[in-house]
Amino acid sequence: MARRPLPRILSKDSAQIARMQIARSRELARTAADSATDVLHPLITVTRGLRLLAAAGRRRWADTPKDKHGPLLFLVASVIVVVALLPYGPLLAVITVMAAAAWQGRDRTPPAPEGPDESQAERLQTLYEALVPYFSSPEDPAPLYAHGGEWEKAFPAHEFDDAGRVDHLVIRYPAYFPDGEHEARARIEQLLTAKSGRGREYRFAWDEEGNQLSVVVLPPLPADIPAQHFVTAPGETVLGFTDPSEIQRTLPLSYGEEQIDVPPVVWRTGVRSTEPHLLAMGHPGTGTSTLLRSIALQALRYGDVLIVDGGGTGEYACLTGRAGVLTVECALPGALASLEWAAQETERRLIAINLARQAGDPPPADARRALWILVDRPSVFTHLATADGRKDPQELLQVPLRHGRAANVTVVVAEQFDGAQALGDAVRQHTRARVVLGPAAPRQVEAVLGAPPHTTPPGQVPPGRGYARLGSGPVHRLQVPRTPDPYDDATSDADRQAVLELLPARTTPVESGASEEPERADLTKRTVPAEAVVAEPS
């Protein structure tokens, strides 16, 4: 049977066109409302003035004693009669009333002060004086920056927040400043961060052609978005969330009792992916295990997962015995056997796909189903294997890393900075998707991602906060969704329930007398099918 194409209304292009049409309709409606307000502004002013005059008349009548109501009515009637008898009297009366109404209905809102106030001007002058040693030269005949100079020409645009600190600033600098050198830029960014207020995140945009530097204060990323089902297609994995200015796509999320749209960092895997494997780096407690748990929960919707935990702290006990979870290994023998099976499974898939293509048939179903290999802290196993004279487990990752994209096999490696030197060449070369979590120096971030971040690190880094870069793309701020270990006593009830609801059904029977939740001692129990497990290498 021929495969019927999806309706056009369900396609990605149609959805994007619909969003563009909605945005254009809103813009047209807003423009029409502004134009109508401008045209009807005199009528609105006169109507407001008539309402105020009528209210003043009612107050005057209410304040007049009752014994003087008669004389007051006689006076008003006499004035009306005189006006009616005068030549052009009614016309002059209408003009007078309209003029009084226009005067009373005028906008009395005090105009916004032009330019910064005294304290803001003093802050800008301080920034100007601090930049003089970096943006001035004795050979410059007309220096833009000089001691005692004026900041108005150097700062063409500026905004302040409610606390009086700089919120947005555009800085002009002379053309001879070496804005192409990383060290020169870093000095200016460090100075502006210190003078504008520490503890905030700044984005620096260098316009080398126009000799301008734009400084923007970024709002903090939401750090309390719980784990949940994300609206993604097969082969798409949400690593976390970033700034709205960086990503045009948004995801509808449950945020407490509200529904919000947050821009995600989506990692695409599969046969046509240019970044088929991922490497996550961080310090202890920065959220690398949380990232792997989040990836595992999303991967289980469309594939199988094999987990190798070098930390051995039971971070993945909740996944043991679940549908789609082949094994959760935290011992060296089991890790070697599982990774050797994964290498052979990758080769088997390649052969099956090649034979199917030669015969003109589609790939078999077991080769199309995604296989995820999640390895947490492989440097621990490398050290143990070296001490025990065994094969390094990272050598077994070479086949899935080199040929995993064609076989629909994805490898995710998480390592700490203190074990970065133990990572093999295959892991370094074939993990083009990179994530750095936790407080890290800019040079560390650049060494992992291959490019420096365009934002300063926050004052306090929550767990799961860092940077992400997919291939040769831009560096994004990243906040991993909150996916804690549900068996940890420090986990709140709401977070525990959110993770447990995402777990697949259990397939491995629980031992008699034990609770429905797996014990942490069962982490060494493998669930790889018996026919797939190979003998332990001698």
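Please read these numbers as outputs of a predicted model, since none were measured by experiment.
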Under 4.5 Å between any side-chain heavy atoms of [X] and [Y], yes or no?
X: Phe230; Y: Pro264; value: no
X: Ile373; Y: Val412; value: no
X: Thr237; Y: Thr232; value: no
X: Val238; Y: Leu251; value: yes
X: Leu437; Y: His283; value: no
X: Thr286; Y: Phe417; value: no
X: Val308; Y: Phe381; value: yes
X: Leu297; Y: Leu319; value: yes

Open item on the list: Enumerate the side-chain hydrogen bond (donor to acceptor under 3.5 Å, both in side chains) contacts for residues 406-430, please, sequence neighbours excluded, ordered by first and then second residue.
Closed with: Ser379-Glu415
Between [X] and [Y] (salt bridge meaning N to carboxylate O under 4.0 Å), is one present in this structure?
X: Glu395; Y: Arg390; result: no
X: Asp304; Y: Arg369; result: yes
X: Arg185; Y: Asp179; result: no
X: Glu446; Y: Arg443; result: no
X: Arg249; Y: Asp261; result: no
X: Glu246; Y: Arg203; result: yes
X: Glu501; Y: Arg496; result: no

So, for [X] and [Y], which heavy atoms are closest and what is the spacing to 0.1 Å?
X: Arg506; Y: Thr320; result: NH1-O, 3.2 Å
X: Ile353; Y: Ala407; result: CD1-CA, 4.1 Å
X: Ala356; Y: Pro364; result: CB-CD, 4.2 Å
X: Gly240; Y: Pro481; result: CA-CD, 3.8 Å
X: Thr242; Y: Ile247; result: CG2-CG1, 3.4 Å
X: Thr483; Y: Ser294; result: OG1-CB, 3.6 Å

Task: Arg301 atom CZ, neighbour heavy-atom count above 12 within 6.0 Å - done: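 Yes, CZ of Arg301 has more than 12 neighbouring heavy atoms, counting only those of other groups under 6.0 Å.
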Open item on the list: Surrounding NE2 of His383 (heavy atoms of other residues, nucleotides or ligands, distance under 6.0 Å), is the total greater than 12?
Closed with: no
Polar side-chain atom of [X] near backbone of [Y] as donor-acceptor pair, under 3.5 Å:
X: Arg123; Y: Val166; value: no
X: Arg293; Y: Glu315; value: yes
X: Gln398; Y: Ala426; value: no
X: Arg322; Y: Pro504; value: yes
X: Gln228; Y: Pro226; value: yes
X: His277; Y: Leu401; value: yes
X: Ser273; Y: Glu275; value: yes
X: Arg434; Y: Val448; value: yes
X: Asp207; Y: Asn211; value: no
X: Arg200; Y: Ser196; value: yes

- [ ] For Asp376 and Tyr316, run side chain to side chain donor-acceptor pair (under 3.5 Å): C-alpha distance rounded to whole Å, both residues' side-chain angles, the deciding distance at 0.1 Å, then the answer.
- [x] CA-CA 10 Å; Asp376 194 356; Tyr316 310 98; 2.7 Å; yes
Task: With sequence neighbours excluded, residues passing ring-ring contact (aromatic ring centres under 6.0 Å, His included) with Tyr173 - done: Phe135, Phe177, Trp206
Task: Full working for salt bridge (charged side-chain N to carboxylate O under 4.0 Å, His left out) between Arg377 and Asp309 - done: CA-CA 7 Å; Arg377 298 196 65 187; Asp309 182 13; over 6 Å; no
Side-chain polar contacts of residues 470-480 - donor-acceptor pairs under 3.5 angstrom, sequence neighbours left out - could you list them?
unit_1	atom_1	unit_2	atom_2	d
Arg477	NE	Asp243	OD1	3.2
Arg477	NE	Asp243	OD2	3.0
Arg477	NH1	Glu201	OE1	3.0
Arg477	NH1	Glu201	OE2	2.8
Arg477	NH2	Pro219	O	2.9
Arg477	NH2	Asp243	OD1	2.3
Gln479	NE2	Pro463	O	3.1

Open item on the list: Checking Ser254 against Gln259 for the side chain to side chain donor-acceptor pair (under 3.5 Å) test, could you report, in this order, the C-alpha distance in whole Å, the side-chain angles of both residues, the deciding distance, and whether it holds?
Closed with: CA-CA 5 Å; Ser254 298; Gln259 292 286 336; 3.1 Å; yes
